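So you know, we letter chains A, B, ... as the sequences are listed, proteins then strands, and number each from 1. In this text the structure is predicted, and so the values were computed from the model without any measurement.
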Amino acid sequence: MHFKIDVRLDPTLGCGQAHRWRKQPDDSWQGVIGKDVLTLYQTPDGFDCEGCTDMAAVRSYFRAEDNLPAIIREISVADPQIAALSAACPGLRLLRQPEWECLATYVLATNVNVKRIAKMVESVCDHFGTDLGARRAFPTPRQILDGGSCIGECRLGFREGRFMELAQRIDSGDFNIRSPERLPYEELTARLQDLKGVGPKVADCVALFGYGRLEAFPVDVRIADEMKKRYGVTGNYQKIAAVGRERFGRYAGYAQEFLYHSGSIGAQ
DNA sequence: GGGTACCCTCTCGG
DNA sequence: ACCGAGAGGGTAC
C-alpha cells in the first residue's frame, strides 16, 4: 500500500519521539501501529507500506493532515535558526501516538538514555502484549496487570512501581485516558501531572505526541542546552518551556523537534 | 524553589 | 582484558 505523505522516515521515526521503530538492514522501518506490524519503505513522495490493514490509522499516525511546508514557514518566519534547521532536515514530521502507549512509554523515559527507553518499551511489549507475529502490540493496562507478577523481568528499575500504578489507575477507570482530550493545554498538562511519574517534561511530551497539542514545548536536557546556546535562555523548566511556546507559537512542538534533531547531528 | 537519591545498563578510561 | 566510575528524554521527596 502506498502513502503519499510529505515525510522522510529516517528523521521522523529515528528522532526518538516514538520508541518502537527499528531500521532494518535494507533501510526499511519496522514498527507497530495498533494491531498491524508494518514495514515502511521510503519513496520520493511518501512511503510504501507492507502489513497495513487500516489506512486511516496510518495516515492519522503520521499526522497526514499537517501541512508541513506551511508549518515550517510559520515557525521560520521570525526565527532564522529554525529556518536553517528545518531546511537542513526536510520531511521531519510529528507523529500522533496512541494516548495510552505514549503516556506509558514516557513514564519509563526518565533518567535513562534513549537506547534503553526503547529496550524497556520492547521488553514490556514482549512480556505482556498481544502476539502479532514478528512483533507484539503495546499491552493494554489490563494485560500488564494480569501479567504483573513478571514485571521484574522487564528491568524497569525505580520506574516499575510508577508503571504498575499507572496501569492500575487507567484500568480501574480512576483516570480516564480520554477524558482530558478536550481540555486546553494548561489544564491537560496539569491533569497529567496528577499521575505518579509524570512531571512537567513527561506531561509536555504526552500532550505533544499523544494528545496532539502542537503548542507544547517539552524541555529535556538537550533542549535546555540548545535554548541556552542559541537564545541565551536559562532558568527552571517552566521558564524555558514558556519561552519556547511564546517564541514559536501554536507549532512550538515542531520547532522543538528541529532543535532536538539539531543536537543529534551537532549542527550549526 | 533548589538539592538529591534513584534502578539499571551501557560506555569509557585506567 | 577487566573493572569501577559516570552518565543517561526526570521525578519525587
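- We find that A:R162 and A:E160 are not joined by a salt bridge, their nearest charged nitrogen and carboxylate oxygen being 4.0 Å or further apart.
- Sorted by first and then second residue, the ring-ring contact (aromatic ring centres under 6.0 Å, His included) pairs with a member in residues 194-226 of chain A read A:Y106-A:F209, A:F217-A:F248; sequence neighbours excluded.
- Look at the P atom in both B:dC7 and C:dC3: the space between them is 25 Å, to the nearest Å.
- Between A:R250 and A:E215, none of the side-chain N atoms (NZ, or NE/NH1/NH2) sits under 4.0 Å from a carboxylate O, so this pair counts as no salt bridge.
- Atom P of nucleotide B:dT9 and atom CG of A:L156 are separated by 10 Å, given to the nearest angstrom.
- For residues 165-188 of chain A, the set of pairs meeting the ring-ring contact (aromatic ring centres under 6.0 Å, His included) definition, not counting sequence neighbours, is empty.
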Q: Under 3.5 Å for both distances, Watson-Crick or G-U wobble, that's the pair rule; now give the dot-bracket for DNA chain B, with | marking pairs to another strand and [ ] for crossing ones.
A: ..||||.|||||||

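- Contacts between residues 189-215 of chain A and DNA chain B, counted as heavy-atom distances below 4.0 Å, involve no residue at all.
- Near-neighbour residues of DNA chain B inside residues 103-128 of chain A, defined by a heavy atom below 4.0 Å, number-ordered: A:N111, A:K115, A:R116, A:K119.
- Residues of residues 236-249 of chain A having a heavy atom closer than 4.0 Å to DNA chain C: none are found.
- Looking at A:E65 and A:R96, a side-chain N of the basic residue comes within less than 4.0 Å of a carboxylate O on the acidic one, giving a salt bridge.
- The pair A:D204-A:R213 fails the salt-bridge criterion, with no side-chain N (NZ, NE, NH1 or NH2) lying under 4.0 Å from an Asp/Glu carboxylate O.
- In this entry the distance linking CZ of A:R162 with C1' of C:dG10 reads 8 Å, nearest Å.
- Between the side chains of A:D66 and A:Y251, no donor-acceptor pair of N or O atoms lies under 3.5 Å.
- Rounded to an integer number of Å, the gap from CG of A:D225 to P of C:dG10 is 12 Å.
- What separates CZ of A:R159 from P of B:dA5 is a distance of 17 Å, to the nearest Å.
- The closest side-chain donor-acceptor pair between A:Q24 and A:T39, if any, does not fall under 3.5 angstrom.
- Between A:Y41 and A:D27, the side chains place no donor N or O within less than 3.5 Å of an acceptor N or O (distance only, hydrogens not considered).
- Comment: A:E122 engages A:R135 in a salt bridge, judged by a side-chain N to carboxylate O separation of less than 4.0 angstrom.
- A salt bridge is absent between A:D225 and A:R222: the closest approach of a Lys/Arg side-chain nitrogen to an acidic carboxylate oxygen does not fall below 4.0 angstrom.
- For the pair A:R155 CZ and B:dC10 P, the interatomic distance rounds to 11 Å; values are reported in whole Å.
- In this model, no donor atom of one side chain and acceptor atom of the other lie less than 3.5 Å apart for A:D54 and A:Y61.
- A:D36 and A:T53 are linked by a side-chain donor-acceptor pair at a separation below 3.5 angstrom, with hydrogens and angles left out of the test.
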